[in-house]
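Presented below is the structure to which this report refers.
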Amino acid sequence: MSRSAAMLIMGVFTLYFLTPIWWLLTTSTKTGGEITSTAPLWFTANSLGTFFDNLGRLFTYGDGLFGRWLLNSALYAGVGALIGTIIAAMCGYALAKYEFRGREAIFNVVLSGVLVPATALALPLFLIFSRVELTNTMLAVFLPSLVSPFGVYLARIYAAASVPNELLEAARLDGSGEIRTFFSLSTRLMAPALVTIFLFQFVAIWNNFFLPLIMLRDQALFPVTLGLYAWNSQISQIPELRSLVIVGALVSIVPLIIAFLALQRFWSSGLGAGSVK
Amino acid sequence: MRAHYGKVTAAFAMISALALSGCSAGGDSSEAGAEAGACEASDGPVTLQFTTWVPGMDKVVELWNADNPDIQVEVQTGPNGNSGTYQNFFNQIQAGNAPDLGQIEYDALPNFRVQDGLENLAGCEGVADAQDQFVDWTWGQVTFGEEDAVYAIPQDSGPMAMYYRADLFEQAGIEVPTTWEEYAAAAEQIKAEGSYITNFPKSDVNWFAGMVWQNGGQWFANDGESWDVNLTSPESEEVATYWQDLLSKDLVSTLPSFSDEWNASFNEGDQWTWVSAVWGATTLSTGAPDTAGKWAVAPMPQWEDGGETAGNWGGSSTAVLKGSEHPAEAAQFALWLNTDPEALALANELGGLYPAAKSAADLESFAGGVEYYGGQKIYEVFSEASAQVNPDFTWGPTMTQTYTDVSDGFGAAIGGSGTLMEALENGQQKTIDSLTSQSIPVSE
């Protein structure tokens with residue numbers, strides 16, 4: 001009984017989460033006129049043709065602006081998450097494995113950073129970046145996304161649990177320096193946590209919208225979220241954008257899905273790793 | 001330009017609060033006269049930045065750049081004004097790095113004025129003399145009635161008329177209404193046919209303001225010292241009571257405007273009329289493609305038999321933002337952009353703008369018949385409407401908030417709790433509260 005109840009609840013929620021994506025998929029295969037005149041959750045007769053037609057228009061509209069936005073997003077999210085992960089890992093590792101004065105104080109300050117919403121920081125960041133003339137540059141979006149208080153927290157917890165002190169001492173006895181120990185030994189032990197941090201950062205930067213909205217003016221620098229938003233706000237003037245925004249939204253979640261699938265192996269093994277010690 | 005006011009996110013509300021606390025020193029209009037006249041041409045070539053969201057504006061600017069090597073203009077685009085660009089302007093003005101020129105809708109201009117975000121162009125060469133080239137009421141929008149003051153160059157306007165399904169009216173043997181009384185009577189007949197005469201747009205409060213505007217009402221007035229807020233004037237009340245009556249009798253639908261369902265209801269013939277602005281012509285033809293050739297355009301229904309007044313919905317200006325180092329060149333460009341026949345024609349073709357310049361009537365793109373409207377020369381109707389718009393209408397400095405408050409009330413009225421009039425009363429009170437809290441003087 002309780003089992004079937006659980007299945008039912010899960011089924012309902014699965015439906016709840018998947019329906020919008022299904023709608024996105026079916027609607028991507030329609031022309032502007034068909035969006036309003038056909039069944040919203042099912043395909044039309046020539047779905048495939050229209051879909052490729054929409055895709056073609058998406059990537060050619062405005063001199064291939066959308067492709068540019070995708071590349072920008074990939075750059076912001078990919079490189080940002082990579083560097084962000086390395087910084088968070090080093091920071092968390094240091095907090096976990098080295099004893100020094102003010103360690104807990106620093107950790108608490110970092111932790112409180114988790115509580116501050118990114119939107120509240122956007123305007124102060126804009127004013128600071130204006131002062132140093134960094135607004136409307138890629139760095140304006142890139143620099144703030146390098147820090148991840150949550151990543152530091154996760155890295156510390158994980159390093160404390162998965163990197164044995166004995167191993168570090170053995171490495172030191174063998175003559176390995178601290179930096180070499182970190183990169184060649186500790187990071188491997190921390191790999192599942194690092195993958196998690198990377199994924200979190202990647203998704204956060206990919207979906208970040210408010211910071212680019214405030215910082216950027218040149219649409220060649222837009223990430224895909226802001227670009228689609230700008231298009232969407234112009235639908236009333238250029239109705240053909242309606243189908244492009246929908247196909248664009250579908251295309252823009254593909255990299256996230258790929259990132260999850262590709263890293264799932266490391267991720268799910270990590271989730272269970274520390275659980276039965 | 002039309003805007004979607006519903007999209008003001010919570011995040012924006014928070015940011016505006018921060019921004020306002022940083023620059024609430026606005027509201028001082030005494031320096032207006034002193035500023036004018038300080039508009040000197042710069043030495044040597046200059047590059048101007050222009051932020052707009054009108055599609056195709058980059059192409060229009062290319063025309064200018066080709067002829068003016070010494071004054072080059074860079075176009076930057078972003079989301080629609082109320083979807084973020086205005087807030088960005090305010091942030092940039094505060095940080096001292098705003099673009100030289102920005103597109104600003106008329107209803108947002110007073111907000112920029114109150115926060116001291118605009119350069120006064122009255123002293124710039126050619127600006128004061130340009131008044132005659134623009135439709136009277138649009139010029140009133142950019143001067144706020146101040147002496148020696150021109151805060152922007154009018155760009156486009158949205159005179160209103162009535163789009164209607166000529167074929168359905170004829171088939172059903174119903175007269176096309178010319179007064180609001182006839183309109184209400186037609187609404188009942190059309191309901192009996194199983195359709196709606198029109199849709200009441202809950203969130204397009206500026207559409208409702210256009211109705212009040214037609215009726216000779218004024219929501220705001222500014223005597224140079226303080227603001228008079230009057231959302232509940234007798235003219236406003238008449239409009240509210242009228243639509244409340246149609247709503248209560250279920251004679252109008254209440255779909256969210258410009259949504260897919262809304263488009264579909266036009267496409268399927270469930271809506272027989274749409275009292276809307278000139279830019280609505282393309283909204284309709286793209287949203288309801290199956291009804292091509294069946295529509296026609298007539299003047300708005302009148303409050304008095306034989307009356308000749310029209311409302312306005314939308315429209316925007318090209319403003320020179322505070323802190324621009326080259327106001328003279330920026331003004332020169334803005335004048336060209338909004339009066340040059342070639343520029344106007346291209347802006348209409350690519351961006352759908354209906355120019356605020358009087359010369360619009362002579363443009364070829366507005367001369368011919370439009371196929372979607374059965375070959376009717378619809379722009380003649382709008383050109384006449386444009387001349388019938390009351391020139392003295394003033395927007396308040398906190399329109400976004402007023403829209404949100406009134407729209408919330410409208411939503412409640414549609415849901416059956418409260419009336420449109422109560423929504424206006426509530427909006428009135430909240431607007432006054434908001435002005436007072438920003439230290440903007442309100443006359444009691």
Side-chain angles (χ1 to χ4, degrees), chain A residues 23 27 30-38 40 61-63 65 117-136 209-222 225-243 246, chain B residues 1-4 7 9-12 14-19 22 49 51 53-56 58 74-85 87-88 91-92 94-97 99 257-268 279-280 282-283 285-290 350-353:
Chain A
W23 178 87
T27 311
K30 293 173 184 174
T31 62
E34 284 169 349
I35 294 173
T36 50
S37 55
T38 58
Y61 184 86
D63 300 328
L65 211 48
T119 40
L121 295 174
L123 187 63
L125 271 176
F126 175 80
L127 295 174
I128 294 170
F129 279 29
S130 293
R131 195 56 70 83
V132 291
E133 297 191 355
L134 271 182
T135 56
N136 199 29
F209 157 76
F210 199 62
L211 185 71
L213 172 67
I214 284 193
M215 292 290 184
L216 301 178
R217 285 188 216 165
D218 184 352
Q219 59 178 356
L221 300 178
F222 284 7
T225 42
L226 179 57
L228 286 175
Y229 176 78
W231 274 1
N232 193 44
S233 79
Q234 291 170 354
I235 282 180
S236 56
Q237 289 133 42
I238 325 174
E240 61 169 316
L241 284 180
R242 183 185 298 270
S243 53
I246 289 166
Chain B
M1 294 286 86
R2 197 182 64 247
H4 295 270
K7 282 184 184 155
T9 60
F12 265 123
M14 177 160 65
I15 295 298
S16 355
L18 286 170
Q49 294 185 323
T51 298
W53 58 91
V54 176
D58 47 337
E74 288 175 1
V75 174
Q76 297 168 331
T77 58
N80 223 311
N82 278 294
S83 306
T85 296
Q87 197 51 56
N88 281 350
N91 295 344
Q92 289 157 359
Q94 200 186 346
N97 62 1
S257 323
F258 310 104
S259 64
D260 290 345
E261 307 100 285
W262 183 86
N263 276 324
S265 76
F266 278 97
N267 202 29
E268 285 155 17
W279 45 258
T282 39
T283 312
S285 61
T286 47
D290 297 352
L350 301 173
L353 298 187

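We name chains A, B, ... by the order of the sequence lines, and we start the count at 1 in each one. Note that this is a predicted model, so its numbers are computed, not measured.
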Determine the minimum heavy-atom distance between B/P79 and A/Y229, stating which atoms define it. CB-CE2, 3.5 Å
Here's a test for you: under side-chain contact (heavy atoms from CB on, under 4.5 Å), which of B/N97, B/T85, B/T77 qualifies with A/R217? B/N97
With a 4.5 Å limit on heavy-atom distance, are the side chains of A/R242 and B/N263 in contact? yes
Of all heavy-atom pairs linking A/S233 and B/S83, the shortest is CB-OG, 3.8 Å
Looking at CD of B/Q76 and CG of A/L221, how far apart are the two atoms once the value is rounded to the nearest 0.5 Å? 10.0 Å
Identify which part of B/Q49 has an atom lying under 4.5 Å from any heavy atom of chain A, answering side chain, backbone, both or neither. side chain
Under 4.5 Å from any heavy atom of chain B, what part of A/F129 do you find: side chain, backbone, both or neither? neither
Ignoring hydrogens, what is the shortest heavy-atom contact between B/N91 and A/L127? Give both atom names and the distance. O-CD2, 4.3 Å
Which pair of non-hydrogen atoms, one from A/A230 and one from B/G78, has the smallest distance, and what is that distance? CB-C, 4.2 Å
